[in-house]
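Okay, structure first, notes after.
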Amino acid sequence: MAFESLTDKLQNVFRNLRGKGRLTESDVKTAMKEVKMALLEADVNFKVVKQFIKAVQERAIGADVMNGLNPGQMVIKIVNDELIKLMGSETTEIALRPGNEVTVIMMVGLQGAGKTTTTAKIAGKLKEKGRKPLLAACDVYRPAAITQLQLNGEKQGVEVFSMGDKQKPVDIAKAAIEHAKKNNFNVVILDTAGRLHIDEDMMQELTDIKDAIQVDQTILVVDAMTGQDAVNVSESFHEKVGIDGVVLTKLDGDTRGGAALSIKAISGKPILYVGMGEKLSDLEQFYPDRMASRILG
Ligand code: GDP
């Protein structure tokens with residue numbers, strides 16, 4: 001389970017603090033050194049760790065804590081508050097156009113991150129909200145991707161628009177939007193092609209789509225198991241293509257979880273959902289406060 005080791009380590013630090021009736025500045029500093037190690041071992045980005053420790057320490061060494069009745073508890077509360085802040089404080093929803101206006105969502109990400117699966121998962125969530133989504137198969141490089149999207153669409157009861165693998169992604173996207181307008185769909189989700197690594201061609205193709213059509217939301221799918229890489233990928237995609245939010249997949253796996261804590265701080269963009277399994281229902285809205293509670297155990 002994600003965060004297991006981080007939770008254990010943080011609980012150890014806090015257990016030591018709780019035992020003390022009064023906290024000295026040096027108690028706080030020692031505890032913060034241990035928290036720092038725990039976060040680094042959980043693969044949290046080092047810049048993020050540095051800022052986080054500074055923020056917690058500044059607050060924890062303040063007079064309130066020193067004179068507080070239960071200083072250990074106070075430090076835990078500060079760590080909790082700062083973890084929530086790190087993850088963006090609020091829950092961010094996918095912004096949709098009102099009524100029957102068509103919202104265009106472009107899904108982007110590296111191959112294997114879980115993009116095609118997540119596309120179908122999001123379609124299911126939107127359907128639950130009473131929307132009528134259309135999935136568009138714009139990954140023309142992997143014929144299997146089209147079939148996979150069609151199978152997933154069928155499972156979700158959502159139509160998939162495909163023009164095979166001989167057309168350009170931009171043209172498929174345009175045709176899908178036309179199809180949506182004519183047939184009363186109000187969301188189009190474009191499943192675009194991923195590559196094994198970030199490369200210029202992929203970024204160019206995504207920018208071309210954005211130049212040619214009005215994309216309302218660009219959602220990046222990253223794999224939590226890749227740790228720091230997930231954070232770097234988020235930063236690159238945001239710089240080159242521009243993203244509005246991130247879906248962090250495979251958080252059900254044995255990941256150290258650092259990506260969940262670093263993505264917002266590094267890319268500036270919030271996590272919208274987390275993937276919690278392979279089933280199409282395994283997608284959860286991201287709540288920074290619940291995630292912080294989970295981390296603290
Ligand atoms: P794509 O290449 O980015 O389109 O990735 P896919 O959607 O094909 O997913 C790659 C693999 O990851 C598949 O085996 C998915 O079932 C799996 N996967 C996707 N999301 C999750 C998740 O949240 N948890 C787990 N455990 N597996 C996932």
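Values reported hereafter were calculated over all heavy atoms of this structure, with side chains retained and with hydrogens, waters and symmetry mates removed. We count ligands from 1, going down the list as the structure has it; atoms in each ligand are counted the same way.
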> Can you tell me the protein heavy atom closest to atom 8 (O) of ligand 1 and the distance?
Replying inline: Gln148 NE2, 3.0 Å
>> Looking at ligand 1, would Gly112 count as a contact under a 4.0 Å heavy-atom criterion?
In response: yes
> What do you reckon, does Val274 put a non-hydrogen atom under 4.0 Å from ligand 1?
Replying inline: no
>> List ligand 1 atoms under 4.0 Å from Gly275, heavy atoms only on the residue side.
In response: 23 (O)
> Any nitrogen or oxygen of Glu278, main chain or side chain, under 3.5 Å from a nitrogen or oxygen of ligand 1?
Replying inline: yes
> Under the criterion side-chain contact (heavy atoms from CB on, under 4.5 Å), which of Leu248, Ile122, Ile219, Asp244 is the partner of Leu272?
Replying inline: Ile219
>> To check your reading of the model: name the closest protein heavy atom to atom 7 (O) of ligand 1, its residue, and the distance in Å.
In response: Thr117 OG1, 2.5 Å
> Can we say Lys115 and Asp191 salt-bridge, meaning some charged N sits less than 4.0 Å from an Asp/Glu carboxylate O?
Replying inline: yes
>> If you apply the rule salt bridge (charged side-chain N to carboxylate O under 4.0 Å, His left out), what do you find for Asp208 with Lys168, and how did you get there?
In response: CA-CA 11 Å; Asp208 287 347; Lys168 281 198 293 196; over 6 Å; no
> Looking only at heavy atoms, is any part of Met276 under 4.0 Å from ligand 1, and if so is it the side chain, the backbone, or both, or is it neither?
Replying inline: backbone
> Are Glu34 and Lys9 within salt-bridge range, i.e. N to O under 4.0 Å?
Replying inline: no
> Counting heavy atoms only, which of Lys250, Glu284, Lys279 is nearest atom 11 (C) of ligand 1?
Replying inline: Lys250
> Is the NZ or CZ atom of Arg195 positioned over Tyr141's six-membered ring, under 6.0 angstrom from the centre and within 45° of the axis?
Replying inline: yes
> Should Lys77 and Asp81 count as an ion pair when the cut-off is N to O under 4.0 Å?
Replying inline: yes
> When you measure from atom 3 (O) of ligand 1 to every protein heavy atom, which one gives the shortest distance, and what is it?
Replying inline: Lys115 N, 2.7 Å
>> Could you identify the single nearest non-hydrogen protein atom to atom 5 (O) of ligand 1 and state the distance to 0.1 Å?
In response: Gly114 N, 3.1 Å
> Using a heavy-atom cut-off of under 4.0 Å, does the side chain or the backbone of Met107 touch ligand 1, or both, or neither?
Replying inline: neither
>> Side chain or backbone, does Asp252 bring an N or O within less than 3.5 Å of an N or O on ligand 1?
In response: yes
> Would Gly277 count as a contact of ligand 1 if the rule is a heavy atom under 4.0 Å away?
Replying inline: yes
> Just heavy atoms, cut-off under 4.0 Å: does Leu110 contact ligand 1 by side chain, backbone, both, or neither?
Replying inline: backbone
> Taking atom NZ of Lys36 as the centre, does the number of heavy atoms from other residues, nucleotides or ligands within less than 6.0 Å exceed 12?
Replying inline: no
> Is Lys129 salt-bridged to Glu93, going by a charged N under 4.0 Å from an acidic O?
Replying inline: yes
>> Can you check which of Leu248, Asp191, Thr249 brings a heavy atom nearest to atom 20 (N) of ligand 1?
In response: Thr249
> Taking only heavy atoms of Arg142, which atoms of ligand 1 are found under 4.0 Å from at least one of them?
Replying inline: 2 (O), 4 (O)
>> Taking a cutoff of less than 4.0 Å between a non-hydrogen atom of the residue and any ligand atom, is Gly109 in contact with ligand 1?
In response: no
> What closest approach, in Å, do Arg256 and Asp43 show between heavy atoms, and which atom pair accounts for it?
Replying inline: NH2-OD2, 3.6 Å
> What's the verdict on side chain to side chain contact (heavy atoms under 4.5 Å, CB included) for Ile146 and Asp165, showing C-alpha distance, side-chain angles and the deciding distance?
Replying inline: CA-CA 8 Å; Ile146 300 177; Asp165 58 3; 4.3 Å; yes
>> Between Thr255 (side chain only) and Leu251 (backbone N and O only), is there a donor and an acceptor less than 3.5 Å apart?
In response: no
> Against heavy atoms of Gln111, which atoms of ligand 1 measure under 4.0 Å?
Replying inline: 2 (O)
